Amino acid sequence: MPRGAWVRGWLLIGALALLAPLAAAAPDETLELGWVPETPPGAPERAHPLLATSPAGVVAPAGAVEAAFASLVFAESAPLPVAVDVKASPPVLWLDRDGNGRFDPAERLELATVGGTYVARFQTDLVYLDRPDVLPCDIELVYRPAAAAGRRLATRAQGYRRVRVVVGGRLRRIGLVDGNGDLCFDDPEQDFVVVDQDADGRFDVRVGAVERSTLAEPIRLGRRAFTLRVTARDGRGAELVRSPAHAGRALRRGGEAAPVALDRMPPDATVRERAESAIRLHRMRHPLALDAAAALVEASGLTDPQRRGLAQILSESGEADHVDALVRLYQRIGLPEPIRERIVRSLTDVRDEDATERWAALLGNTSRRMRVVGIRLLAAHPDDAAVQALVKHGPREDDERVLDALIEALASRPDAGAAAFLIESAKRGGRKRDVAVRALGRIGFGVPAVRTFFGRLLGSNNERERMLALDLVAGSEHIDFCPRVAPSLLHRSWEVRQAAIEALAALRCQSSVTALIERIDKEPRRRLRIEMGKALFTLTGVYFYEDAKRWGAWWAEHGESFEFPTEALSLPLGDGDTTEGFYGLPLESDHVLFVIDRSGSMNAVAEAVTGATRWTIAKREVLRAARPIGSRGAAGVLLFATGVSSWQPRLRRMGPTAQRGLADWLGRSGPGGGTNLYDALARAYEYVGADTIFVVSDGVPSAGRYKSAPQVLRAVDKLAAGRRVRVHCVSVGMDSRLLEQIATLTGGRYARR
């Protein structure tokens with residue numbers, strides 16, 4: 001026998017000997033896997049022959065010129081007959097959903113066209129003999145009339161089952177995948193198992209991937225080999241069984257023999273040689289790699305690539321035996337941030353009995369980074385001791401970044417101790433106050449101390465704090481807050497009043513209706529009067545626009561017997577607003593700022609008959625929209641090209657003199673330059689009192705602080721944070737995904753003209 005084969009044989013026997021005691025000690029585990037029916041991109045196709053004659057007992061569809069037929073079979077369900085009119089253009093497909101042997105007009109499928117392929121999606125209930133109920137599943141039907149092999153009908157369907165189990169002190173994610181599209185899990189070669197080996201929260205389902213195994217293969221979980229036995233075709237019943245007989249196969253993926261075991265290396269082997277051996281073992285998924293990497297974590301003399309390789313090995317482990325090594329590894333200087341993040345995710349899955357105590361000890365570390373890691377790890381543990389450790393540490397912490405992490409960790413804990421700490425944090429003021437208040441809102445209002453705190457916050461003199469409280473209370477469904485919300489309808493800030501309107505509409509109490517009706521004709525801003533009418537419609541199901549008298553009369557008649565609508569309502573179509581619009585969009589405000597593009601491309605002709613340019617039309621639309629605002633409201637105009645210019649530094653009452661001045665100023669302006677969209681919007685948000693902004697542009701950003709669409713959108717998101725200003729966008733001569741996203745982000749409307 002060649003010496004190499006002899007060595008490989010002994011190494012394999014040694015590996016099996018190491019694993020046998022572990023395998024023998026574990027009982028079988030029955031898994032309950034959750035069904036996730038999906039039809040993802042790349043799902044396998046199953047071909048179904050198209051026949052010229054219909055199946056027995058099935059009548060051809062009426063009106064078909066030339067019908068062809070197929071029967072779709074999934075699980076143990078009865079076949080689903082399909083008919084295709086192959087002569088129609090476009091083709092017509094029917095599915096006999098009810099199994100009555102006829103293709104009724106209502107059973108005609110809606111087709112989407114992709115090139116020369118026609119796709120229909122439908123849902124059907126599948127029957128499994130070992131289930132007492134049926135299972136709904138989405139299926140794609142694919143028809144290719146011009147396929148090389150002739151007309152072809154195919155289906156795309158795929159099912160998943162997922163489960164989490166604790167093996168070796170670590171939370172493991174396992175998936176069972178229907179690989180051949182029959183929605184059963186019984187094919188040992190095509191159906192397969194996936195294991196999240198690297199703890200990145202995703203399954204690598206590619207053929208040949210380390211995380212993927214067929215049902216006929218053993219799978220590796222940490223140092224151990226298992227077999228997943230599926231006991232029901234629908235995949236619900238499954239047993240995870242340790243497999244000592246298959247340990248070698250699981251640990252020697254690809255048939256490659258293991259390198260020389262580290263414990264048998266020569267005594268004078270260098271640290272680098274041991275590291276290289278550990279990395280090679282890891283590539284073959286051999287368990288000795290984990291112990292070797294743990295022993296070498298703090299060794300000197302390693303190259304940077306070797307250190308990263310060892311970090312990769314241990315970050316994919318996360319077993320209780322290697323926690324200390326992972327923690328030491330995390331603290332190493334120069335370790336790439338993605339590997340650090342992977343280590344934290346791996347440690348999060350550790351579920352041994354000492355985990356909470358171990359993570360709490362990290363809170364006393366002198367390193368800010370390690371304290372944050374300890375907080376994240378404690379936050380991932382569901383036990384009360386973890387919360388108590390976080391709360392206990394809170395008063396001792398004075399680092400702002402660590403406090404941010406601590407507050408965020410406690411935000412999802414409906415615990416009285418967590419609430420008390422967050423309330424104290426909120427009382428400190430500053431930026432920390434907003435973070436703590438939002439965290440209290442996420443805890444919920446089931447804790448009495450939280451309700452009391454928000455009751456006081458609704459009366460705050462700080463506008464930002466009051467708006468934040470109104471927003472969080474709006475989602476609470478605690479109608480006891482209604483009397484504390486209503487006074488904000490009288491606040492000096494229009495944004496606070498708007499937040500109060502939204503909160504009253506969300507809380508759905510009778511005092512909300514009364515408060516809105518009493519205030520609707522006293523509200524000085526047109527936009528807020530309209531919002532009150534819409535809120536009253538949401539609450540009552542009737543709509544009298546801004547007419548306070550009609551609202552009052554209706555409430556006097558129906559208030560005592562009133563019941564809230566049980567279904568979501570849509571505003572009725574009607575013309576309650578006689579004010580002129582702007583580019584066809586409704587002008588529901590009298591405090592408006594117009595932001596108009598005057599770049600060189602705005603000189604293009606937009607009306608062939610009149611010869612009017614885009615710029616000419618934009619000026620006309622601004623003057624027409626400003627006229628009805630009059631002296632009741634106020635307006636402003638910004639023009640942007642490469643730079644930004646303003647008509648007035650603030651909103652101005654639009655009396656006759658102001659309208660003439662605006663017309664003269666626009667007449668002296670003309671197109672030229674680039675498109676500085678972001679700087680124009682940044683200037684627009686500085687206009688005090690503007691509750692509505694209209695943006696008109698015919699191009700993509702090409703000048704200013706931010707030019708790419710993602711940069712502009714992120715920056716506008718920061719400008720709009722916590723504000724009630726709506727931005728309506730008009731794209732001239734082209735579609736603009738960016739303008740559409742800005743409008744959606746701010747609650748505005750988008751139109752192309």
Side-chain angles (χ1 to χ4, degrees), residues 575 577-630 633-648 651-652 654 656 658-681 683-684 687 690 692-704 726-740 742-743 746 748-753:
D575 187 15
D577 179 8
T578 58
T579 306
E580 291 279 355
F582 181 73
Y583 275 95
L585 294 176
L587 186 61
E588 298 180 333
S589 171
D590 50 12
H591 288 73
V592 186
L593 181 65
F594 300 97
V595 181
I596 310 300
D597 184 354
R598 68 171 189 89
S599 60
S601 56
M602 288 291 285
N603 209 27
V605 175
E607 292 180 353
V609 176
T610 63
T613 64
R614 296 171 181 172
W615 172 245
T616 303
I617 295 172
K619 291 190 296 182
R620 183 176 68 201
E621 287 287 335
V622 169
L623 294 172
R624 186 176 68 177
R627 191 177 306 117
I629 292 176
V637 181
L638 288 176
L639 303 181
F640 67 95
T642 303
V644 182
S645 58
S646 61
W647 170 49
Q648 298 286 342
L651 297 185
R652 182 173 175 182
M654 292 307 297
Q659 291 182 37
R660 288 193 295 271
L662 175 59
D664 291 343
W665 182 74
L666 289 173
R668 295 193 300 271
S669 304
T675 305
N676 189 349
L677 177 62
Y678 171 73
D679 287 354
L681 284 169
R683 179 86 68 85
Y687 270 69
T692 301
I693 298 173
F694 282 94
V695 178
V696 178
S697 180
D698 73 338
V700 297
S702 61
R726 286 192 184 140
V727 181
H728 305 290
C729 297
V730 179
S731 176
V732 180
M734 60 177 285
D735 287 320
S736 173
R737 176 63 176 156
L738 174 59
L739 290 180
E740 184 178 9
I742 290 173
T746 60
R749 302 185 187 185
Y750 166 77
R752 175 188 171 177
R753 297 291 183 258

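For clarity, every value in this text was computed on a predicted model and none was experimentally measured.
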Roughly how far, to the nearest 0.5 Å, is CZ of Arg598 from OG1 of Thr642? 8.0 Å
Matching residue for Tyr687 among Leu593, Ile693, Val595 - test: side chain to side chain contact (heavy atoms under 4.5 Å, CB included): Leu593
Sort and list the pairs that fulfil side-chain hydrogen bond (donor to acceptor under 3.5 Å, both in side chains) and have at least one residue in residues 604-614, not counting sequence neighbours. Glu607-Thr610, Glu607-Arg620, Thr613-Thr616, Arg614-Asp698
Test Phe640 against Leu681 for side chain to side chain contact (heavy atoms under 4.5 Å, CB included), laying out the working first. CA-CA 9 Å; Phe640 67 95; Leu681 284 169; over 6 Å; no
Ala635 and Ile629: which non-hydrogen atoms are nearest, and at how many Å? CB-CD1, 4.1 Å
So do Val637 and Trp665 actually touch side chain to side chain, heavy atoms under 4.5 Å? yes
Looking at side-chain heavy atoms only, is the closest gap between Trp615 and Val732 below 4.5 Å? no
Which pair of non-hydrogen atoms, one from Leu638 and one from Ala680, has the smallest distance, and what is that distance? CD1-O, 3.7 Å
Closest non-hydrogen contact found for Gly581 with Glu621 is O-OE1, 4.4 Å
Output yes when a side-chain donor or acceptor of Ser702 lies under 3.5 Å from a complementary backbone atom of Thr675, and no otherwise. yes
Sole residue of Ile742, Leu739, Thr746, Thr692 in side chain to side chain contact (heavy atoms under 4.5 Å, CB included) with His728: Thr692
Are any side-chain N or O atoms of Arg749 and backbone N or O atoms of Leu585, one a donor and one an acceptor, separated by less than 3.5 Å? no
How close do Ser697 and Asp597 get, heavy atom to heavy atom, and via which atoms? OG-OD2, 2.9 Å
Residue set satisfying salt bridge (charged side-chain N to carboxylate O under 4.0 Å, His left out) with Arg726, at least two apart, ordered chain then number -> Glu531
All heavy atoms of Ser599 vs all of Pro671, minimum pair found to be O-CB, 3.4 Å
Do Leu738 and Leu677 make a side-chain contact, defined as non-hydrogen atoms from C-beta onward lying under 4.5 Å apart? yes
Any side-chain heavy atom of Ile596 within less than 4.5 Å of one from Leu639? yes
Would a 4.5 Å heavy-atom cut-off, applied to side chains only, mark Phe694 and Tyr583 as touching? no
Donor-acceptor contact present, side-chain Tyr678 to main-chain Pro701, <3.5 Å: no
Kindly give the heavy-atom pair with the smallest separation between Gly636 and Trp647, and that separation in Å. CA-CE3, 4.4 Å
